[in-house]
Amino acid sequence: MYKEFGIKDEVINLAEKAEKDVAKQFDEVNRRCEINTLKVLKAFNKYNISDMHFGSTSGYGYGDVGRDTIEKVFADVLGAEDALVRSQFISGTHALTVALFAFLRPGDKFVSISGKPYDTLDEVIGIVDNNSSLKAFGVQYEQIDLINDDFDYDKIKERFSVNDIKLVEIQRSRGYSLRKSITMDKIEKVIETIRSVNKDVIIMVDNCYGEFVDDKEPINVGADVMVGSLIKNLGGGIAPNGAYIAGRKDLVELAAERLTAPGLGKEVGPTLGINKYILQGLFFAPSVVASSLKTAIFSSKILEDMGFKPVPRFDERRADIVQTIEFGDKDKLIKYCQGIQMGSPVDSNSIPEPWDMPGYTDQVIMAAGAFTQGSSIELSCDAPIRPPYMAFQQGGLTYEYGKIGVMKAISQII
Ligand SMILES: *Cc1c(COP(=O)(O)O)cnc(C)c1O
């Protein structure tokens, strides 16, 4: 059957070996999956989730008991006081934007301490000019770069000793940058460093791609607020869209008043039939994140055995579900991405090609045969076409199709 699916003999042997070599890492992933499943089940039990929470509202969405309970469940799972979980958030970028505009006022300063934030925030912050950016509203931005993939603790301590900063942003995942993702241990250490000199600054974590990778979340280690997307980890591949903001109650309220309107806040927001999918997605999320992690670990091992350079390595502690592979060769990179698409459950007949995507300097190729458009908790692989020809791969709703997809992709380059 492998052969009928276009997987070469050589790849079958490589896969068998790689899978044996990562048994210990898979055990660790399974253990974390169980811990996170417990967290979810405990919250479902605590709030007595039942059929009535799967109901729906339209129009203004007043009195949506499902929506209100979903937000309590998310808050409980993430260790937060409150949460805003809404399909009215178009994306992770939108939720991050709402949070930043809710917390920051003209004259305020904010600092990113994990280097330049995710690309889509450039125009939000005003790093790239935009009439509606924070900068255009008089909010100042500063940046402290990472050194050797870790925080610049000395510089951070010095900067936050002066109490003139309103908010600090930490981005857990690497996004499309070449740095490594930041582990929860480091996030915990840097929050302690900031709090040793400054009790007031709002600590906000961009948690995209990070949920359920570890057994702790940013709020558990002292962050005030965290933000993520529902077409990534916490949606479990089932939530049709949306994003969340979770953390301190006063901050969640500010975010709600920015998303809807001052005076309306969390009281409105029709759910239009998605409550069940949000809950079911959260229920599946620990397992889906575990499948994504196993797909990443398997890819890392097999591609390393073939002589390519994966980051993280198969036995490294992970902070997110992203796996990069340095191919060092344009043709192999393109063929690998095309192979990921060919092995997908949806749109397997479409062959992606590099193209001039708006907002990017180099051509980009994007492979994603996903049930939900743009969902990157489903197996997907993107790459800017420039040296060192690096692919950014993530997702895998089930480990089995993740593994098969990767085997199919490798068969294209062998
Ligand atoms: C995905 C992601 C975002 C948000 O991206 P959207 O595509 O707008 O949901 C922000 N930050 C990081 C680190 C991400 O990975």
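In listed order, ligands and their atoms are each counted from 1.
- On a distance-only criterion, Lys232 and ligand 1 share at least one N/O pair closer than 3.5 Å.
- One finds a salt bridge joining Asp305 and Lys301 here, because a Lys/Arg side-chain nitrogen approaches an Asp/Glu carboxylate oxygen to under 4.0 Å.
- For ligand 1 and Gln171, the ligand atoms under 4.0 Å from any heavy atom of the residue are 13 (C).
- No side-chain heavy atom of Met342 sits less than 4.5 Å from a side-chain heavy atom of Phe5.
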List, one per line, each side-chain donor-acceptor pair under 3.5 Å for residues 375-390, sequence neighbours excluded.
{"residue": "Ser375", "atom": "OG", "partner": "Glu378", "partner atom": "OE2", "Å": "3.3"}
{"residue": "Ser376", "atom": "OG", "partner": "Tyr209", "partner atom": "OH", "Å": "2.8"}
{"residue": "Glu378", "atom": "OE1", "partner": "Phe371", "partner atom": "N", "Å": "2.7"}
{"residue": "Glu378", "atom": "OE2", "partner": "Phe371", "partner atom": "N", "Å": "3.4"}
{"residue": "Glu378", "atom": "OE2", "partner": "Thr372", "partner atom": "N", "Å": "3.1"}
{"residue": "Ser380", "atom": "OG", "partner": "Glu378", "partner atom": "O", "Å": "3.1"}
{"residue": "Ser380", "atom": "OG", "partner": "Gln394", "partner atom": "O", "Å": "3.3"}
{"residue": "Ser380", "atom": "OG", "partner": "Gln394", "partner atom": "NE2", "Å": "3.1"}
{"residue": "Asp382", "atom": "OD2", "partner": "Tyr176", "partner atom": "OH", "Å": "2.6"}
{"residue": "Arg386", "atom": "NH1", "partner": "Asp362", "partner atom": "OD2", "Å": "2.6"}

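- Under the 4.0 angstrom criterion for non-hydrogen atoms, His94 is not in contact with ligand 1.
- If you check which protein heavy atom lies closest to atom 9 (O) of ligand 1, you get Gly92 N, 2.7 Å.
- Under a 4.0 Å criterion applied to the non-hydrogen atoms of Tyr209, ligand 1 contributes the atoms 15 (O).
- For Thr93, heavy-atom contacts with ligand 1 shorter than 4.0 Å involve the backbone as well as the side chain.
- Each of Asp68, Asp82, Thr260 was scored for a side chain to side chain donor-acceptor pair (under 3.5 Å) with Lys266, with one residue passing: Asp82.
- Using 4.0 Å as the threshold, Asp206 has a heavy atom nearer than that to some atom of ligand 1.
- By the criterion of a heavy-atom distance under 4.0 Å, the side chain of Leu96, and not its backbone, is placed next to ligand 1.
- Remark: the Asn163 side chain and the Asp200 side chain contain an N/O donor-acceptor pair separated by less than 3.5 Å.
- Listed by chain and residue number, Thr93 satisfy the side chain to side chain donor-acceptor pair (under 3.5 Å) test with Thr120 (two or more places apart in sequence, or in another chain).
- Ion pairing of Asp21 with Lys24 is absent here, as no side-chain N (NZ or NE/NH1/NH2) approaches a carboxylate O to less than 4.0 Å.
- With a 4.0 Å heavy-atom cut-off, ligand 1 is reached by no atom of Arg172.
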